[in-house]
Amino acid sequence: MPYMSETVTPLEALTGSLRDYRDLHGADLLARVEHFFRWQDLRRQHHVWPYSRATEEAPNTVCAAQADTGERFAGVNFGSQDYLSLASHPAIKEAAKAAVDEYGVHSAGSAAFIGNTKYSLALERSIADFLGMEHAVLYPTGWAAGFGVIKALVRPDDHVVMDGLCHSCLQEGAAAATRNVHLHGHLNIASARRHLARIRARDAENAILVVSESLFSMDSDTPDIAALQDLCREFRATLLIDCAHDLGNLGEDGRGHIGLQHMIGLVDIVMGSFSKTFASNGGFVACNSPAVREYLKYYSAPQTFSNALSPVQAAIVLKAFDIVKSAEGRALRADLMGNITYLRTKLQEAGFEVIGEPSAIVPVMMREEGLARMVASRLPQLGVVANLVEYPAVAKGSARFRFQVMAKHNKANVDDVVVRLRSAYDEAQQAFRPYGKLIAPASAALGAIIGA
Ligand SMILES: Cc1ncc(COP(=O)(O)O)c(C=O)c1O
């Protein structure tokens, strides 16, 4: 079966978004999701649904995969998040095997009961030390950590002031905790200050949590963390920074933007994920107060009521931290940054718009969703594994490929992906031309598309 559809792609498959099916109406809660399924399946049938793929081998720099239609493809992989290439590192595999031999495969309990292991306790210490914080608490995933820390600490009368582009776990945690959620302009300290001043002018009683990320996962940019922390001091607020994407892999010592901005140990609360750099599911919250640590253990539902990380996961992450802190880790970060810079340069030379700052996330703008879907449908055939991100994960008309770079990528991988993306883009642009006129909101953005 050909990967790409040979029939004409219907307009419906190139328009609409997941957002259209979020607020459902109707008395039958199972039947009403059918509308979404019809739209999704139309996209799937026309090969413009590039989601829910499966790898058929380790997610290395070149990798075989399967679309959710079952079609197989293989190619250079810029879609997996394994920034330091630790997922297949021999020492990590050895650590996992040793943990299995010693402990079996399961922690068999929540951390509140008897789910901790010697590995998880050592890991909490390791994270806290690495971040210059006093304490750390583990969570089953980074998502659970983000959601769980906000929901645990914020009460309905409190306020959350957060960057408008914060990750889903932070937004959902805030929405679950309070109706007083104030989104400030992306990276905009003045906007955050206006919100804080307005809140404090009328509410001196309740608490405020300010939330941001050290590296934004779709835009690859960073806020002024010290300025946010200063604002928090000025307005009696508390700062939470999510460092999921840069911890371990960015900066000479791997301490990410918190380190680069000289804020080690100085941010009120830091949370993160192991799934990008540390070769495992899992997340954490780090803080400086034993009271906060203990409170999270008993009032943060995903920590308290979810089974603890398995001994294998904890041993993997512990070993990953050892590598991150070592000379090898330093060398891997240097290789990673070399790849990032080379990829960004090559993409720009090929005429693509690349946004953000150099990091393991390289956003390549396609802008118009329909065109982006057509580009994405061609990439597997050309031997590229890459993730398309579209509205509502990013703003309308700003669809992009989020390339994720690994330390073990090489120049040939980068050269291949850029040439293949250019071919896919050129072909897709031709195919998309007749649709451009039909998609009204897109037509303005079309002019801005590279190569158009
Ligand atoms: C900024 C940010 N925070 C948290 C998470 C959640 O991490 P995990 O994959 O460990 O659940 C992600 C993952 O996509 C993320 O991008």
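Start at 1 and go down the list; that is how both ligands and their atoms are numbered.
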Exercise. Is it the case that Arg255 places NZ or CZ above or below the six-membered ring of Phe130, under 6.0 angstrom from the centre and within 45 degrees of the axis?
Worked result: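 Because its charged atom sits under 6.0 Å from the ring centre and within 45° of the axis, Arg255 does stack over Phe130.
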
Problem set entry | Six-ring centre of Tyr391, Lys396 cation under 6.0 angstrom, axis tolerance 45° |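 Yes, Lys396 sits over the ring of Tyr391.
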
For this session: Answer yes or no: is there a donor N or O on one side and an acceptor on the other, between the side chain of His89 and the main chain of Ala91, under 3.5 Å?
Result: yes

Problem set entry | Check: Glu357 main-chain N/O paired with Ser220 side-chain donor or acceptor under 3.5 Å |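 Yes, Ser220 side chain to Glu357 backbone: donor-acceptor pair under 3.5 Å.
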
Measure the distance from [atom] to every protein heavy atom, then report the residue, atom name and distance (to 0.1 Å) of the closest one.
{"atom": "atom 5 (C) of ligand 1", "result": "His167 CE1, 3.5 Å"}
{"atom": "atom 9 (O) of ligand 1", "result": "Ser275 OG, 2.9 Å"}
{"atom": "atom 11 (O) of ligand 1", "result": "Trp143 N, 2.9 Å"}
{"atom": "atom 14 (O) of ligand 1", "result": "Lys276 NZ, 2.9 Å"}
{"atom": "atom 4 (C) of ligand 1", "result": "Asp242 OD2, 3.5 Å"}

Taking the non-hydrogen atoms of [X], is any one of them nearer than 4.0 angstrom to ligand 1?
{"X": "Gln81", "value": "no"}
{"X": "Gly146", "value": "no"}
{"X": "Gly282", "value": "yes"}

Seminar exercise, completed: Note: heavy atom closest to atom 16 (O) of ligand 1, options Glu213, Met271, Met218, His245, belongs to His245

Exercise. What orientation do His186 and Phe216 show, parallel under 30°, tilted 30 to 60°, or perpendicular over 60°?
Worked result: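 Ring orientation of His186 relative to Phe216: perpendicular.
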
Exercise. Mind checking whether Phe78 and Phe403 have parallel, tilted or perpendicular rings, split at 30° and 60°?
Worked result: tilted

Numbering as shown, the atoms of ligand 1 that approach [X] to under 4.0 Å (heavy-atom distance):
{"X": "Ser217", "value": "16 (O)"}
{"X": "Ser273", "value": "7 (O), 8 (P), 10 (O)"}
{"X": "Thr141", "value": "10 (O), 11 (O)"}

Problem set entry | Distance-only N or O hit between ligand 1 and Cys169, under 3.5 Å | no

Exercise. Is Asp335 salt-bridged to Lys408, cutoff N-O under 4.0 Å?
Worked result: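 Result for this pair is no, no salt bridge flagged.
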
For this session: Take Tyr299 and Glu294 through the side chain to side chain donor-acceptor pair (under 3.5 Å) test and state the conclusion after the steps.
Result: CA-CA 9 Å; Tyr299 291 89; Glu294 291 303 309; over 6 Å; no

For this session: Could you tell me whether Phe352 and Tyr425 have their ring centroids closer than 6.0 angstrom?
Result: yes

